[in-house]
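Just follow the structure's listing: the first ligand is 1, and inside any ligand the first atom is 1.
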Amino acid sequence: MKLTRKPLAAAMLIGLLGAGPLFAASLASGIEAGNADPAVRAQDNLFQAVNGGWVKRTEIPADESNIGAFMTVFDLTQERCRVIAEALGDDATGEAALVRAMYRSYMNTDQAGQLGIQPISSQLDEIARLDGKPALMRLLGRWQGENRRVSLPLAFFIDLDQKAPTRYLAGVSQSGLAMPDRDYYLEQDPRFVQARKAYLDYLTASFTALKLDRPAQRAAEVMALETGIARIQWDKVKLRDPIAGYNKFQRGALPAKVRGFDWKPFLEAAGAGGIATLDVSQPSYVTALGALIRKTPVGTWQDYLRIRLLDAYAPYLDEASVARHFAFHGTALSGSTQNRPRWKRGLRLINETLGEAMGKLYVEKHFPPEHKARMQELVKNLLSAYAADIDTLDWMESEQSRRGAHAKLDKLMVKIGYPEKWRGYPGLVLDEHDLVGNIRKAEQLEFTRELSEINDPVDRTRWGMAPQIVNAYYNPVFNEIVFPAAILQPPFFDMAADDAVNYGGIGAVIGHEISHGFDDWGSQYDASGMLNPWMSEADKKRFKALTHRVVEQYNGYEALPGKFVNGELTLGENIADIAGLSIAYKAYSLSLEGKPAPVIDGLSGPQRFFTGFAQVWRSKIRPEALLARIVSDPHSPAEFRTIGASVNSEAFHEAFGVKPGDGMYRKPEERVRIW
Ligand SMILES: [Zn+2]
């Protein structure tokens with residue numbers, strides 16, 4: 001399901017943006033031994049032992065905020081996509097012609113330079129013409145489709161109905177901030193104070209570029225308005241509660257149920273005047289937003305909209321706009337000192353707007369059928385390991401819970417590589433000389449189509465990620481796990497390697513995604529995808545007590561000086577990491593069918609398994625980017641993902657003979673066994 005605004009909550013990693021060196025030479029084991037730090041023992045720090053050599057010698061490229069195994073695979077995939085895009089000639093037709101037009105329009109820097117900010121001038125005029133709050137409400141509605149890329153305080157989207165997942169449902173959700181999270185506006189941490197200063201500079205420079213008077217004063221007013229929006233937004237921990245976030249209302253009841261917001265002009269202008277029901281994800285926010293709209297002068301809203309508009313399209317305008325946008329988003333917020341090469345940014349845009357068109361071209365060349373077959377085998381063994389586990393878990397005692405868990409597992413849908421049915425881009429015509437127009441048209445097509453399909457039967461073949469994306473996800477409303485073609489490459493998945501490393505790599509990823517179906521979030525959805533908690537109260541309590549120890553464990557990891565991992569925010573992902581590793585190990589054991597694992601490169605099977613796990617998380621990240629992740633990303637930083645999951649594993653302690661006094665030792669009674 002493509003959720004245009006709502007991110008996939010269970011995706012494995014966000015912000016996979018990166019370049020890196022080519023792979024170190026692989027051994028038959030699939031382990032890249034050259035990355036190890038021989039001075040560190042796996043018993044003391046598995047992450048450093050496996051990756052420390054690489055960490056020491058690797059520098060983050062100036063145009064990246066981070067680098068690592070994900071980024072290396074991402075980079076290889078990018079290079080391939082570049083070859084594909086650049087080979088498309090004038091004879092390309094259909095979707096290939098769309099990719100060609102989008103790519104060429106992006107690469108035409110001469111034209112972008114000549115046009116300056118002209119490509120957004122008609123939208124700037126629209127803002128200038130706003131003559132009151134009703135007109136403002138109509139613009140906030142109309143731009144949901146027309147300027148989908150512009151982040152507004154309320155985002156309209158179409159999703160499955162979480163309590164009736166055979167149907168679609170329209171919804172609205174909080175949005176509209178320039179910085180990564182509300183904490184950036186509200187907290188006194190000096191790093192956030194500095195980010196606010198950088199944002200004020202960016203705002204002032206943007207108003208100057210728009211040739212408006214009193215730029216500094218306008219900047220201060222927009223900052224105050226955004227701070228007001230941040231204050232009424234729900235925080236990231238509360239956003240993880242799907243029950244609190246499901247509030248379906250009849251269209252006619254909205255004014256009475258979610259008061260203070262002018263629904264009619266907003267919905268009608270969005271093209272959704274005729275919808276029967278609406279899911280208001282954060283009702284208290286919408287009511288407070290209504291009050292904020294009333295008390296803030298139209299002039300301030302106009303300045304806010306000018307900024308949101310320019311911020312959204314700046315990367316596609318002239319060089320000065322691109323540089324100003326990068327100085328704030330790239331340097332101040334992420335720590336990169338240099339923008340990525342233009343072709344990479346062009347491919348990113350294609351992934352965002354024409355993901356499946358490029359995906360189709362990509363898998364034709366780079367996804368052999370035997371990859372899919374071996375993955376299916378791995379998934380099958382992971383599912384058997386889960387099924388066997390359900391009946392032996394200490395914390396899951398009741399028949400009701402076990403039945404619910406088995407049902408979820410039995411009905412789990414597995415998607416590997418690419419969609420069996422491509423979505424297509426019917427009626428879309430792009431122009432090689434109109435970059436901003438192309439972006440708007442492609443995004444509007446998707447919006448209009450989703451809206452027009454709202455009463456259609458749900459299409460379960462749809463994918464939420466393009467095949468060339470290095471990531472994976474669990475989607476609870478489809479009860480499915482999805483592995484795009486691009487993640488099925490070394491070090492995650494290696495056709496030439498022994499099984500141990502594949503189970504430690506992609507096996508742990510598969511286990512991670514399946515586990516989302518049973519964690520504090522996914523277990524609220526049943527086998528059919530309905531928001532319908534099935535676990536018995538007593539089991540839920542035991543699970544909570546168990547996972548409380550996970551919260552405490554990760555709260556203790558200091559990611560930046562004085563800044564600790566948020567154990568609450570990252571709980572679901574940490575559970576998935578711990579469970580995924582444990583189940584993948586069991587599946588690996590099952591795959592041996594009672595035979596002893598061979599010793600390869602001096603490592604036992606179990607040692608290769610954990611080494612394979614650790615090498616997947618090889619990465620380095622700039623402190624600015626790490627800060628943004630700590631406050632807004634539900635995943636723990638890579639080093640703690642490696643260590644945090646392994647210290648809870650009996651098999652890890654056995655594989656390396658970890659003893660009291662070793663850095664990775666955890667007393668048996670302190671190890672958390674979830675699966
Ligand atoms: Zn996850």
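E573 contributes OE1 and H516 contributes NE2; the angle these two atoms make at the Zn ion (ligand 1) is 100°, rounded to 10°.
A salt bridge is defined here as a Lys NZ or Arg NE, NH1 or NH2 lying under 4.0 Å from an Asp or Glu carboxylate O, and R673 with D389 meets this definition. For the pair R148 and E446, the salt-bridge criterion is not met [side-chain N within less than 4.0 Å of a carboxylate O].
Two rings, from F47 and F640, have their centers 6.0 Å or more apart.
H635 lies apart from the Zn ion (ligand 1) in this respect, since none of its N, O or S atoms is found at a distance under 2.8 Å. Not one N, O or S atom of D577 sits under 2.8 Å from the Zn ion (ligand 1).
Counting just the N/O/S atoms of H512, the one with the shortest distance to the Zn ion (ligand 1) is named NE2.
Between F652 and F656, the two ring planes are tilted [angle within 30° to 60°].
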